[in-house]
Amino acid sequence: MIKFISKSVFLVASLFITSLYSNSFSTVANYGASEIDPPAIKTGADNYEKYLPLLKDKKIGIVTNQTGILSNKTHLVDFLLEKKIAVQTIFAPEHGFRGTADAGEHVVDGKDPKTGLSIISLYGDNKKPKPAQLNGIDIMIFDLQDVGARFYTYISSLHYVMEACAENNLPLIILDRPNPNGSIVDGPLLEKEFASFVGMHPIPLLHGMTIGEYAQMVNGQKWLKNGVQCKLTVIPCLNYNRNMAYSLLVKPSPNLPNDQSINLYASLCLFEGTNVSMGRGTEKQFQIYGSPFLTKTNFSFTPKPNFGAKDPLYNGKECFGEDLTSYPKLQQLELKWLLKAYQNTTDKSKFFNAFFTKLAGTKKLQQQIESGVSEKEIRASWKKDLQAFQIMRKPYLLY
């Protein structure tokens with residue numbers, strides 16, 4: 001009996017000690033995990049200790065929009081004014097200073113109702129700041145959230161701002177931001193004869209660079225008019241590398257409402273050069289695609305005017321296609337939906353329009369699709385150019 005009790009006591013004690021040890025290990029493990037959690041990413045705007053001293057007693061022009069915010073969602077313009085920085089003028093890209101204009105919509109100059117500052121549009125006829133618009137400015141700041149696609153026009157605005165700064169002997173400070181598609185380098189390179197505002201430089205559709213890195217490449221490769229170079233300072237992000245996931249605090253433009261749309265954007269935006277809708281006029285912009293001319297499926301949508309699409313393609317007409325809202329995150333430019341839509345459209349002669357070549361940056365992609373070239377062969381045709389681009393961009397990378 002005594003032997004039995006002693007064994008029982010020993011068993012209970014063992015279980016108690018094991019429980020204590022287990023709880024202790026769990027606590028230590030959790031504590032250790034929290035201790036080694038990586039610090040939060042800081043954008044260039046949040047890295048203000050680096051740039052505020054450069055702005056002291058200077059008159060400032062700033063290229064920005066609704067994406068130019070700090071981590072606490074204070075807008076950069078408001079932050080600079082609070083710090084007694086003499087902001088003179090706001091320059092706004094496509095979609096305007098508040099980011100509310102439709103894609104391609106003419107944006108007029110105006111005044112910011114909150115600060116009373118003049119806003120000059122850099123979209124439409126006035127893509128490049130004029131000397132008179134830069135008069136009285138000592139330093140320009142550029143703070144826009146890019147999404148890593150060649151045809152996203154904020155990098156085209158960057159080109160013209162850099163060129164204007166170089167020609168007018170103005171220093172330019174870029175407050176860098178992570179590229180949400182930062183690890184992806186893919187797609188055909190733009191050919192010089194197809195350069196436009198939706199593609200200005202010989203880079204792939206997905207370039208895998210931050211906007212600060214991209215600016216350094218534009219400068220270093222002398223892509224500005226007459227090979228001029230601007231006095232460039234990049235304020236880097238902190239605690240960031242290009243393989244890290246990054247979720248944006250605000251929409252970069254009206255039709256990119258979430259992380260999924262930003263990831264799918266480059267692949268689905270090629271549909272802009274076809275008779276297929278990519279969901280403008282719905283709540284799933286750049287997460288679905290379809291048209292009245294595709295094979296009927298279980299999934300359909302009917303575009304209607306909404307924020308960011310006042311008159312969407314196929315307004316009020318039922319479109320058949322695919323819902324990609326739950327599609328796994330892409331790590332490449334995806335062609336299969338474009339190829340599938342071309343194969344299933346009722347009249348292939350009406351599938352492409354003239355804009356497709358501008359978006360693709362080459363005539364070859366349309367020719368390959370129309371000729372029935374496989375996706376594997378299309379990708380293989382990009383390989384040499386992509387390898388050369390990777391080598392060319394390497395000196396300009398910060399992360």
Side-chain angles (χ1 to χ4, degrees), residues 61-68 90-97 99 101-107 120-130 133 140-167 172 174-177 179 181 187-230 232 234 252-256 262 265-266 269-270 272-273 355-362 389 393 396:
I62 180 166
V63 183
T64 191
N65 63 5
Q66 80 285 353
T67 67
I90 298 167
F91 295 86
E94 183 179 7
H95 306 297
F97 177 51
D102 286 3
E105 182 180 350
H106 182 72
V107 180
I120 295 174
S121 172
L122 295 181
Y123 190 72
D125 298 332
N126 184 46
K127 294 182 173 67
K128 178 178 172 179
K130 295 177 173 64
Q133 295 169 336
M140 287 285 282
I141 295 177
F142 191 101
D143 186 19
L144 292 173
Q145 176 64 62
D146 188 44
V147 298
R150 186 181 65 218
F151 36 55
Y152 202 64
T153 62
Y154 295 169
I155 57 173
S156 299
S157 294
L158 171 67
H159 170 105
Y160 284 120
V161 170
M162 290 178 68
E163 198 169 270
C165 286
E167 292 170 349
L172 175 65
I174 294 184
L175 307 185
D176 209 7
R177 291 182 177 272
N179 176 352
N181 291 308
L189 259 69
L190 179 132
E191 297 167 7
K192 191 174 181 179
E193 60 266 40
F194 303 114
S196 71
F197 197 63
V198 291
M200 301 190 70
H201 305 130
I203 63 168
L205 265 180
L206 286 158
H207 53 73
M209 305 176 79
T210 67
I211 207 158
E213 293 172 327
Y214 193 83
Q216 293 190 148
M217 185 168 67
V218 170
N219 228 20
Q221 295 301 122
K222 297 186 177 181
W223 284 340
L224 303 177
K225 187 179 179 181
N226 299 322
V228 295
Q229 293 176 296
C230 80
L232 181 66
V234 178
S253 51
N255 287 291
L256 291 181
I262 290 167
Y265 170 72
C269 193
L270 287 169
E272 297 270 36
F355 195 43
F356 186 84
T357 297
K358 285 189 175 182
L359 292 171
T362 175
F389 174 75
R393 76 174 191 148
Y396 308 115

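Residue indices begin at 1 and follow the sequence shown.
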Check: Which is it for N126 and Q133 under the side-chain contact (heavy atoms from CB on, under 4.5 Å) test, yes or no, and what are the steps along the way?
Finding: CA-CA 11 Å; N126 184 46; Q133 295 169 336; 3.3 Å; yes
Next item on the list: Look up atom CG in L189 and atom CD1 in I203, then write down how far apart they are to the nearest 0.5 Å.
Entry: 8.0 Å
Note to self: What's the separation between atom CG in L205 and atom OG1 in T362, rounded to the nearest 0.5 Å?
What the structure shows: 10.5 Å
Item checked: L359 backbone acceptor or donor facing R150 side chain under 3.5 Å -> yes
Check: In Å and rounded to the nearest 0.5 Å, what is the OH to CG distance from Y152 to L144?
Finding: 9.0 Å
Check: Which distance, rounded to the nearest 0.5 Å, do you find between the CZ of R177 and the OG1 of T210?
Finding: 11.5 Å
Item checked: Backbone N/O of C269 and side chain of E272: donor-acceptor pair under 3.5 Å -> no
Notebook entry, point to check: Any side-chain heavy-atom pair from M162 and F142 closer than 4.5 angstrom?
Noted result: no
Notebook entry, point to check: Checking D146 side chain against N179 main chain: does a donor-acceptor pair fall under 3.5 Å?
Noted result: no
Note to self: Would you compute the distance between atom CD of E163 and atom CG of N219 and round it to the nearest 0.5 angstrom?
What the structure shows: 11.5 Å
Next item on the list: Spell out, as yes or no, whether a donor-acceptor pair under 3.5 Å connects the side chain of T67 to the backbone of P252.
Entry: no
Checklist line | Residues which pass side chain to side chain contact (heavy atoms under 4.5 Å, CB included) with S156, listed by chain and number, not counting sequence neighbours | finding: F197, M200
Notebook entry, point to check: Would you say K128 has more than 12 foreign heavy atoms packed within less than 6.0 Å of its NZ?
Noted result: yes
Check: Which pair of non-hydrogen atoms, one from F389 and one from P202, has the smallest distance, and what is that distance?
Finding: CD1-O, 4.4 Å
Note to self: To the nearest 0.5 Å, what is the distance between CE on M209 and CG on D176?
What the structure shows: 10.0 Å
Next item on the list: Evaluate the side-chain hydrogen bond (donor to acceptor under 3.5 Å, both in side chains) criterion for residues T153 and Y123: first the C-alpha distance (whole Å), next the side-chain angles of each, then the deciding distance (0.1 Å), finally the verdict.
Entry: CA-CA 9 Å; T153 62; Y123 190 72; 5.9 Å; no
Notebook entry, point to check: Counting distance only, does the side-chain N/O of R393 pair as donor-acceptor with the main-chain N or O of H207 below 3.5 Å?
Noted result: yes
Notebook entry, point to check: For the side chain of N181 and the backbone of I262, is there at least one donor-acceptor N/O pair under 3.5 Å apart?
Noted result: yes
Item checked: Non-hydrogen atoms of Y265 and A149 that approach each other most closely -> CE2-CB, 3.8 Å
Notebook entry, point to check: Closest approach of L172 and C165, non-hydrogen atoms and distance?
Noted result: CB-SG, 4.1 Å
Checklist line | Non-hydrogen side-chain atoms of Q221 and H201 separated by less than 4.5 Å | finding: no
Note to self: Run the side-chain contact (heavy atoms from CB on, under 4.5 Å) test on V218 and Y396 for me, step by step, so that the C-alpha distance in whole Å, both residues' side-chain angles and the decisive distance to 0.1 Å come before the verdict.
What the structure shows: CA-CA 9 Å; V218 170; Y396 308 115; over 6 Å; no
Item checked: Closest non-hydrogen atom pair between P93 and N65, with its separation -> CG-ND2, 4.0 Å
Item checked: Minimum heavy-atom distance between T64 and D143, given as atom pair plus value -> OG1-O, 2.9 Å
Checklist line | side-chain contact (heavy atoms from CB on, under 4.5 Å) between Y214 and L158, intermediate numbers included | finding: CA-CA 9 Å; Y214 193 83; L158 171 67; 4.0 Å; yes
Next item on the list: Please test H159 against L224 for side-chain contact (heavy atoms from CB on, under 4.5 Å), starting from the C-alpha separation and ending with a verdict.
Entry: CA-CA 7 Å; H159 170 105; L224 303 177; 3.8 Å; yes
Notebook entry, point to check: Can you name the closest pair of heavy atoms from L190 and G199 and give their distance?
Noted result: CD1-O, 3.2 Å
